[in-house]
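Below is one structure, written out as structure tokens; comments come after it.
These numbers were taken from a predicted model, which means no experiment stands behind them. By convention here, the first residue in the shown sequence is residue 1.
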Amino acid sequence: MSLGVQSQKWFPTHVQATVLQATGLQSKGKNGTNDAYTIIQLGKEKYSTSVAEKTINPVWKEEASFELPGLLLEGNPEVYELCLTVMHRSLVGMDKFLGQKFINLNEIFVNKERKKTDWHSLGSKPGKRRKERGRIQVSIQFMRNNMTASMFDLSMKEKPRSKPDCGLSAWSRVFSTCMRGFPPGTPVSRTDHNTSCRLTIARCFE
């Protein structure tokens, strides 16, 4: 797709991820349950849900918004992945890993689904043996923040320049300003007028 065609398309500047729930998590806490929470990360920016206590099927329904690192152009070699890591909060020692999922935002956007809710299987840490770790349900919604989007908008036109008041009262003020500093009766040539006076008069004839 050419750059000209892509410039006419709608491109998001932000993505909102809503972590809805998880099911079938491995139990790491007492009595076969978990105190589970999810860390949501895109690039260096990350958030955490609250802790759902004493369950292996936690429900959060919590959201976080991220600014996209770049445009989701078709054929862009740079892939933007949303990382979701489910953890068990330990009262003693370090929190325990329950599962992880990387969601490819480029693929979701190219599929023309600006909002998508789906179940994702949780996996092990990279390099670790694969095992069943349950699933997590996430909703992805792309958004466009107009304040941020202006930096990507190449079609913005220069704002029209405002003109000064060129009415009779304004001309009187201009003449008074131009003559200021000359003694009464002194002949004044065009070259004696200051720059601002000449510019003001010129703009009134634009």
Hey, does [Y] have a side-chain heavy atom less than 4.5 Å from the side chain of [X]?
X      : Y      : value
Met143 : Gln16  : yes
Asn57  : Gln21  : no
Val19  : Leu84  : yes
Gln137 : Thr117 : yes
Glu81  : Ile103 : no
His14  : Phe142 : no
Val138 : His120 : yes
Glu62  : Thr49  : yes

Hydrophobic cluster membership, Val86 vs Ile56, 4.5 Å side-chain cutoff:
no
Do you reckon Ile140 sits in the same ILVMFWY cluster as Tyr47, going by side-chain contacts under 4.5 Å, direct or chained?
yes
[X] and [Y]: side chain donor to acceptor below 3.5 Å:
X      : Y      : answer
Arg129 : Ser124 : no
Thr18  : Ser139 : no
Asp95  : Tyr37  : yes

Where does the angle between the aromatic ring planes of Phe11 and Phe109 fall among parallel (under 30°), tilted (30 to 60°) and perpendicular (over 60°)?
tilted
Stepwise, does the side chain to side chain contact (heavy atoms under 4.5 Å, CB included) test hold for Gln141 with Glu63?
CA-CA 10 Å; Gln141 181 178 1; Glu63 63 188 33; over 6 Å; no
Gap separating the [atom1] atom of [X] from the [atom2] atom of [Y], nearest 0.5 angstrom:
X      : Y      : atom1 : atom2 : answer
His88  : Ser27  : NE2   : OG    : 9.0 Å
Glu132 : Arg130 : CD    : CZ    : 10.0 Å
Lys125 : Thr85  : NZ    : OG1   : 9.0 Å
Ser48  : Gln41  : OG    : CD    : 11.5 Å
Lys131 : Gln26  : NZ    : CD    : 5.0 Å

Verdict with reasoning, Leu68 to Thr13, per side chain to side chain contact (heavy atoms under 4.5 Å, CB included):
CA-CA 5 Å; Leu68 292 167; Thr13 60; 5.8 Å; no
Between [X] and [Y], which heavy-atom pair has the shortest distance, and what is it?
X      : Y     : result
Ala36  : Pro58 : CB-CG, 4.1 Å
Met87  : Ile39 : CG-CD1, 4.3 Å
Tyr80  : Gly70 : OH-CA, 3.4 Å
Asp35  : Lys54 : OD1-N, 2.8 Å
Lys28  : Lys96 : O-NZ, 3.7 Å
Gly123 : Phe97 : O-CZ, 3.7 Å

Before giving the answer on side chain to side chain contact (heavy atoms under 4.5 Å, CB included), spell out for Val15 and Leu42 the whole-Å C-alpha distance, their side-chain angles and the decisive distance to 0.1 Å.
CA-CA 10 Å; Val15 60; Leu42 179 61; 4.0 Å; yes
Just by modelled atom types, is the Ser50 backbone N or O under 3.5 Å from a matching donor or acceptor in the Trp60 side chain?
yes
Polar side-chain atom of Arg135 near backbone of Trp119 as donor-acceptor pair, under 3.5 Å:
no
Given Leu25, which partner from the list Asn34, Ile136, Thr33, Thr55 fulfils the side-chain contact (heavy atoms from CB on, under 4.5 Å) test?
Asn34
